[in-house]
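Here the structure comes first, spelled out in structure tokens, and everything after it is commentary.
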Amino acid sequence: MSVSEGVKNFERDKQGRAYGRPVATSDEELVRVGPGTQGGELLRRYWQPFALSGDATSQPKRVRILSEDLVLFRDGAGQVGLLYPRCMHRGTDLIYGKVEQQGIRCCYHGWLFGAEGHCLEIPTEKNETLRDNIRQPWYPVVEEFGLLFTYMGPPDREPQFPTFSIAEDLGPNERITAYRSESGPNGPHPKIAARSDYNWWQMYDNWMDPFHVCVLHFSINGPQFSPNLGILPEVKFEQTGDGVISIQKRQLPDGPVQQRISQVIMPNMNCTAGVTDEDLGRAGISWTLPLDDTNYVLFGLARINKENPPSGSAIPMLEDHWGPAHGKPFSEWSLQDHQQWQTDYVAQKGQGDISLHSEEHLMAGDKGTALSRRLFRKLAESVAKGEDPVGAGANKARRVEILAGNSLLDPETGECIAGYASRV
Ligand code: FES
Ligand SMILES: [Fe+2]
């Protein structure tokens, strides 16, 4: 760059005009999820939930996971299959196949494939040994807690299915429930179906972003959660062995300190506590699962009381406060509706289909986001170098521990007086 160009740039920066700004870019290591991408290869080293148990039936379904299109089915024997959709014979889509007692039969020439891809029958060939070495590309599936998980990484690096602290020491009245939400926690409304049609990191950043709660969910257009969450918290971010936590403390007007701990666990899990004053429990766990670079779905597990399960909306407070567009399907909200009742959805979709990280200006309040991204990048680089990332690797056992939850602390001693006291 010549001196005169440098002066010109300085002038432009000083005036802050939009003219001549640099071409904006995204952090490719974060946002790309397809096979062979750095982030995609990291995500593939872990068991990922991709459907509810009930999604696997005798009617084949299309599923998209990490930019790969697959066909899901459950055969007559109860085996769940997750296969590459193009039939290995001549490429017909197995979505048109017929599910049988053992596997799925391609509609074109009737090749029968088992849940793990084995070719079990070629009805048009007399030589039965022909099929022995043939296998339709497949991925393994584990069914647990009402969710279907798959491992899409290299077979020789497949870890054991992890254990989760959420499933330990269940009370006699407690059970685990699984859910899928096709949106963020506060937008679109839990009862309004809509796709989360932007890059998964825009959601994943949000789990470590406690400050937006006071603005987006309170000051910008009125409260969306319990009033106490509108108090600006004191926040500490800390790195854990396999993720990041934020410890948020709010001095409540009536004495105690409310402590809210949120957590992200690499590579794409999070634990976020409830948003009502009554909820003093431990957080559940959820996965931000990228379907591809510009779509994601959340899958989650929560502990519920068997006798008194929550009904209706996951965020009951919103029922009465759903703003100007109350009652309309989210897809019918006008621009004006969105301008009067902003949600996580518009805030995150507003960052674009894939955010432009080179234009960001991160501040101290974004430390949790920065730490999560840094850890993810570091792990992705380690995979690219041939190493195993944290909690993964051949036959590796992993325990996923939830540290997040809500509690009340004594303002004098800092001791937990009610709620979930994790070891933090
Ligand atoms: S294309 Fe599937 S059996 Fe021929
Ligand atoms: Fe939010």
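Both ligands and their constituent atoms are indexed starting at 1 by order of listing. Only heavy atoms go into these numbers, but all of them, side chains included; no hydrogens, no water, no symmetry mates.
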query: Can you tell me if an N/O/S atom from Asp209 lies under 2.8 Å from the Fe ion (ligand 2)?
result: no
- request: Kindly say whether Asn228 contributes a backbone atom to a donor-acceptor pair with the side chain of Ser226 at under 3.5 angstrom?
  value: no
task: Please name all residues satisfying side chain to side chain donor-acceptor pair (under 3.5 Å) with Gln136, sequence neighbours left out, ordered by chain then number.
output: none
statement: The residue among Tyr46, Phe299, Phe149, Phe50 that forms ring pair (Phe, Tyr, Trp, His ring centres under 6.0 Å) with Trp287 is Phe149
- prompt: Any side chain to side chain donor-acceptor pair (under 3.5 Å) pairs touching residues 68-83, not counting sequence neighbours?
  reply: Arg44-Glu68, Arg64-Asp69, Glu68-Tyr139, Arg74-Glu143
query: Ignoring water, what protein N, O or S atoms are under 2.8 Å from atom 4 (Fe) of ligand 1?
result: His89 ND1, His109 ND1
Any pair counted as ring pair (Phe, Tyr, Trp, His ring centres under 6.0 Å), so long as it reaches residues 233-253, sequence neighbours left out: none
query: Could Asp169 and Arg282 be called an ion pair, given the rule that one side-chain N must be under 4.0 Å from one carboxylate O?
result: yes
field: Asn221 versus Gln342, side-chain donor and acceptor atoms under 3.5 Å
entry: yes
query: Angle subtended at the Fe ion (ligand 2) by NE2 of His212 and NE2 of His217, to 10 degrees?
result: 90°
